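Can you read through this structure? Questions will come right after.
On a predicted model such as this, the values are computed, not experimentally measured, just so you know. One-based numbering along the sequence shown. In listed order, ligands and their atoms are each counted from 1. Hydrogens, waters and symmetry mates play no part in the numbers below; they use all other heavy atoms, side chains included.
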Amino acid sequence: MTKAVLGIIGGSGLYDLPGLQNVREERIESPWGLPSAALRIGDIDGLPIVFMSRHDKGHRLSPSDINYRANIDVMKRAGVTDLISLSACGSFKEELPPGTFVLVDQFVDRTFGRASSFFGTGCVAHVSMAHPVSPRLRMRIAEAADAEGISAVRDGTYVCMEGPQFSTLAESLTYKNLGYSVIGMTNLPEAKLAREAELCYATVAMVTDYDCWHPDHDAVTVQDIIRVLMANADKAAKLVARLAKDFPREHEPCPIGSDRALDTAIITAPEARDPELLKKLDAVAGRVLNG
Ligand SMILES: CSC[C@H]1O[C@H](OP(=O)(O)O)[C@H](O)[C@@H]1O
Ligand SMILES: Nc1ncnc2[nH]cnc12
């Protein structure tokens, strides 16, 4: 049996996790470079929790400059089994107004130039991303939201753009017409890397704005986004507190195999593997590489 450890990555406006108890700060080294911030390790109701601020205090890091590989690697090294992203996003649907929490179940990648795999020359792996979100974790978040009276929409598609500029009107209308639900700049590299690291991953996408497609809202501003996020921060903390209270203390096997994703993914023959890369993969792929 594996002990459940909940990882929380806080996005824009969420640079700490109120309610986290017995906190100690730890800087874990990663062979993938510097993570965004020190980990804040503690517990809520006895459930071990590891928090990281994605953009670091003071929002120092832009979405394109975040070292997603180091962030996921240190979460894995800290023993995290289940990882939740708390993120700000724009909405493409009238019925998802600012303040809504969307438990997305799909992603579309519009990023470029991001390092979003641990694997490559010397150890090639292809994990499935058909179902990028772990359904059981998403369901647990939905139940916690219900228990706290927080309205959370059960599914949706998050398009991940490169940024840092917001979308043009033509892009915004295109995404809306394609039926996407929300937009952000961070979650897909994270979801891909979490899958490679065999972590269950789920996103709580907190709507802060209508992007620029909405006839009554015109352009997005950072000030508007932060204002909504501040109002949502309490709700997010309550959601995590309830989730932690009800979360099983043993890690539940993922019904879609997120936690065993590498069982069938590595294609490079053992004799063709690069020992240097294998060393860097010790945390994320140790389970399959070292037997
Ligand atoms: C501050 S608005 C744009 C910024 O907000 C979102 O951040 P996160 O996903 O970390 O909550 C979005 O992805 C952009 O990085
Ligand atoms: N409209 C938007 N586009 C991209 N990322 C966002 N984060 C919050 N709102 C956003």
(Q) Under 3.5 Å between any N/O of Ser12 and any N/O of ligand 1: does that happen in this structure? (A) yes
Q. Going by the order shown, which atoms of ligand 1 are within less than 4.0 Å of some heavy atom of Gly184?
A.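 Under 4.0 Å from Gly184, ligand 1 has these atoms: 13 (O).
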Q: For Asp211, counting its heavy atoms only, list the atoms of ligand 2 lying under 4.0 Å from any of them.
A: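 Counting from 1, the qualifying ligand atoms are 1 (N), 2 (C), 3 (N).
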Q: May I ask you to say whether Glu26 pairs ionically with Arg24, meaning some side-chain N is under 4.0 Å from a carboxylate O?
A: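 A salt bridge is present here (some side-chain N lies under 4.0 Å from a carboxylate O).
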Q. If you count the atoms of ligand 1 from 1 in the order shown, which ones are under 4.0 Å from a heavy atom of Thr186?
A. 8 (P), 9 (O), 10 (O), 13 (O), 15 (O)
(Q) Looking only at distances, can you tell me whether any N or O atom of Phe166, backbone or side chain, sits closer than 3.5 Å to an N or O atom of ligand 2? (A)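 In this structure, Phe166 places no N or O atom under 3.5 Å from an N or O of ligand 2.
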Q | Ligand-side contact atoms (ligand 2) for residue partner Thr208, heavy atom cut-off under 4.0 Å | A |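 Every atom of ligand 2 under 4.0 Å from some heavy atom of Thr208: 8 (C), 9 (N).
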(Q) Below 4.0 Å from ligand 1: does a non-hydrogen atom of Ile225 turn up there or not? (A) yes
Q.
I need the nearest protein heavy-atom contact for atom 8 (P) of ligand 1: residue, atom name and distance, please.
A. Arg54 NH1, 3.3 Å
**Q.** Nearest-neighbour protein heavy atom for atom 14 (C) of ligand 1, which is reported as residue plus atom name and distance
**A.** Met185 SD, 3.7 Å
Q.
List ligand 2 atoms under 4.0 Å from Ala88, heavy atoms only on the residue side.
A.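 Atoms satisfying the 4.0 Å criterion: 7 (N), 8 (C).
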Q.
Is there a polar contact, in the sense of an N or O pair closer than 3.5 Å, between Pro63 and ligand 1?
A. no
(Q) Below the 3.5 angstrom mark, is there an N/O of Ile226, backbone or side chain, next to an N/O of ligand 1? (A) no
Q: Just need the protein heavy atom nearest to atom 10 (O) of ligand 1, so name the residue and atom and give the distance.
A: His55 NE2, 2.5 Å
**Q.** Chi angles and distances behind the side chain to side chain donor-acceptor pair (under 3.5 Å) call for Ser134, Ser258
**A.** CA-CA 7 Å; Ser134 301; Ser258 314; 2.9 Å; yes
Q: Check whether the side chains of His251 and Asp259 place a donor and an acceptor atom closer than 3.5 Å, and report yes or no.
A: yes
Q) Numbering the atoms of ligand 2 from 1, which are under 4.0 Å from a heavy atom of Ile225? A) 8 (C), 9 (N)
Q: Heavy atoms only: give me the nearest Ser116-Lys192 pair and the separation to one decimal.
A: O-CB, 4.0 Å
Q.
Within ligand 2, which atoms have a heavy atom of Met185 less than 4.0 Å away?
A. 4 (C), 5 (N)
